[in-house]
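Within every chain, numbering begins at 1; the chains are lettered A, B, ... in the order of the sequence lines, protein sequences first and strands thereafter.
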Number of protein chains: 2
Amino acid sequence: MSNELEPIKVAVSPQERFGDFLQSRGMRQTEQRKNLLNLVFSEHEHFDADQLLERLPSKGELGYVSRPTVYRTLGEFVDAGLLRKFELDGRSVYEHDYGYPEHDHFYCTKCEQLIEFQNAQIADLTAELARTHNFQVRSYRLIIRGICEDCRRSRRRVRRKVDLI
Amino acid sequence: MSNELEPIKVAVSPQERFGDFLQSRGMRQTEQRKNLLNLVFSEHEHFDADQLLERLPSKGELGYVSRPTVYRTLGEFVDAGLLRKFELDGRSVYEHDYGYPEHDHFYCTKCEQLIEFQNAQIADLTAELARTHNFQVRSYRLIIRGICEDCRRSRRRVRRKVDLI
DNA sequence: TTGAATGCAAAGGATTTGCAGAGGC
DNA sequence: GCCTCTGCAAATCCTTTGCATTCAA
């Protein structure tokens with residue numbers, strides 16, 4: 001996918017930040033955690049637990065991480081503020097949070113792609129609404145569902161062909 | 001919950017509308033469908049399949065509807081445009097769509113209540129964003145997570161008590 | 001009468017958990 | 001060495017499905 005936004009410049013790497021997180025909680029720096037963190041931050045992409053597992057070495061191979069550990073560790077990344085989690089069509093989807101600007105998504109129900117966009121008004125509006133309703137915001141999530149530009153185009157092409165018969 | 005918005009006046013009842021839907025698809029008007037529709041529209045509330053099942057008579061009793069039928073029928077209500085479905089904490093939540101105005105939600109992660117609010121700017125902004133990105137919108141969903149007014153208050157009270165010790 | 005709908009039991013998919021052994025610190 | 005972490009297997013939760021029976025039209 002080529003809809004990456006401009007990353008935020010951060011002084012501390014995700015690795016370092018996660019190290020601090022582990023230390024502060026008396027947790028250990030294991031091979032599995034290192035492997036997963038590197039993999040997750042090697043590429044900017046939305047993914048679910050299965051997709052991450054597919055990118056990992058298979059059982060028996062060097063660098064393998066089991067499914068339960070993947071789930072456990074993703075939760076830790078969220079707690080550490082590195083990833084953000086949300087739900088889409090019944091499964092959990094993760095995305096970069098640390099070092100990445102606030103943004104929202106279009107979700108194309110045809111190609112099932114998430115398309116990121118930035119718009120300051122949404123955050124402003126959310127903050128204003130929260131103030132009005134005395135609600136203390138932790139986070140918000142706007143997802144716009146429909147058909148993306150590419151899919152609209154290809155659908156139109158198909159129709160034309162049919163029309164010509 | 002007492003955060004109901006003003007219903008939209010509709011000429012046709014949900015029952016009638018669903019009847020038309022069934023007819024147009026060659027589907028049948030069964031006791032189960034009638035029971036569920038009446039139950040669902042007897043009260044304005046967000047609910048999941050389990051909560052609906054709890055409000056139904058138990059097995060053996062008059063008016064009982066089995067779990068698979070509840071799931072199947074909720075899907076039909078969504079297809080008929082009577083309900084809207086979304087995901088929250090990994091389960092499917094339903095709300096009135098027919099006869100109810102467009103709105104968004106605060107979700108209090110403490111009391112797990114959904115609080116509705118109306119704001120025209122969100123729809124406008126969504127439409128504008130879609131236009132800019134050549135995206136064809138089918139629906140959108142904004143959920144603002146955090147702590148609601150009541151929970152903030154009670155939390156404060158608890159703190160005060162503790163402070164007095 | 002006849003095809004659609006239901007209930008049952010069972011399957012399915014995603015995620016979590018208990019626990020014994022492995023391994024950071 | 002102690003205590004956390006991992007992988008395994010199994011459990012759990014929510015939802016869907018196959019199929020024989022029931023029932024609306």
message: Using whole Å, what does the distance between atom P of nucleotide C/dC8 and atom CG of B/Leu53 come to?
response: 12 Å
message: Looking at D/dG7, I'd like to know if its phosphate oxygens (OP1 or OP2) sit under 4.0 Å from a side-chain N or O belonging to A/Gln32.
response: yes
- prompt: D/dC14 P sits how many Å from B/Asp48 CG, rounded?
  reply: 8 Å
message: Side-chain N or O of A/Thr30 versus OP1/OP2 of D/dC5: is the shortest distance under 4.0 Å?
response: no
Nucleotide nearest A/Met27 when distance is taken to its side chain, options D/dC5, C/dT15, D/dT16: D/dC5
- prompt: Can you name the ring pair (Phe, Tyr, Trp, His ring centres under 6.0 Å) partners of B/Tyr98, sequence neighbours left out?
  reply: none
statement: Whichever of A/Gly26 and B/Gly90 has the more 5' nearest nucleotide on DNA chain D, that residue is A/Gly26
message: Quick check: is B/Tyr64 connected to B/Leu56 through a chain of hydrophobic side chains (ILVMFWY, heavy atoms under 4.5 Å apart)?
response: no
message: In this structure, how many angstroms lie between the P atom of D/dC3 and the CD atom of A/Gln23, rounded?
response: 18 Å
query: Looking for any heavy atom pair under 4.0 Å, which part of the strands does A/Asp50 touch: base, sugar-phosphate only, or nothing?
result: sugar-phosphate
- line: Among the nucleotides C/dG7, C/dC8, D/dA9, whichever has the atom closest to the side chain of B/Thr69 is C/dG7
- request: Rounded to the nearest angstrom, tell me the gap between atom NZ in A/Lys59 and atom P in D/dG7.
  value: 10 Å
d(CZ, B/Arg25; P, C/dA5) in whole Å: 11 Å
message: Less than 4.0 angstrom from a charged side-chain N to a carboxylate O is my criterion; do A/Arg153 and A/Asp150 meet it?
response: yes
field: B/Phe117/A/His133 aromatic ring centres below 6.0 Å
entry: yes
Sugar-phosphate, base or nothing in reach of B/Arg67, heavy atoms under 4.0 Å: base
- prompt: Is a donor-acceptor contact shorter than 3.5 angstrom present between the side chain of A/Arg72 and the base of D/dG7?
  reply: yes
message: I want to verify a distance call: between D/dC5, C/dC25, D/dA24, whose nearest atom is closest to the A/Arg33 side chain?
response: D/dC5
message: Can you tell me which nucleotide in C/dA14, C/dC8, D/dT15 comes closest to the side chain of B/Arg91?
response: D/dT15
query: B/Leu56 CG to C/dG7 P: how many Å, rounded?
result: 10 Å
Under 4.0 angstrom between B/Tyr71 side-chain N/O and D/dT15 OP1 or OP2: yes
Ring-ring centroid check B/His46 B/Tyr94, cutoff 6.0 Å: no
Nearest-angstrom distance from the residue atom CD of A/Glu31 to P of D/dT6: 11 Å
Any A/Arg28 side-chain nitrogen or oxygen under 4.0 Å from OP1 or OP2 of D/dC3: no
B/Ser66 vs C/dT6: side-chain N/O to OP1/OP2 distance below 4.0 Å: no
query: Under 4.0 Å between a side-chain N/O of A/Ser92 and OP1 or OP2 of C/dA14, yes or no?
result: no
- request: Calculate the interatomic distance between A/Lys85 atom NZ and C/dT15 atom P; express it in whole Å.
  value: 7 Å
message: Under a 3.5 Å distance rule, please check whether A/Glu87 uses its side chain to pair with a backbone N or O of B/Asp89 as donor and acceptor.
response: yes
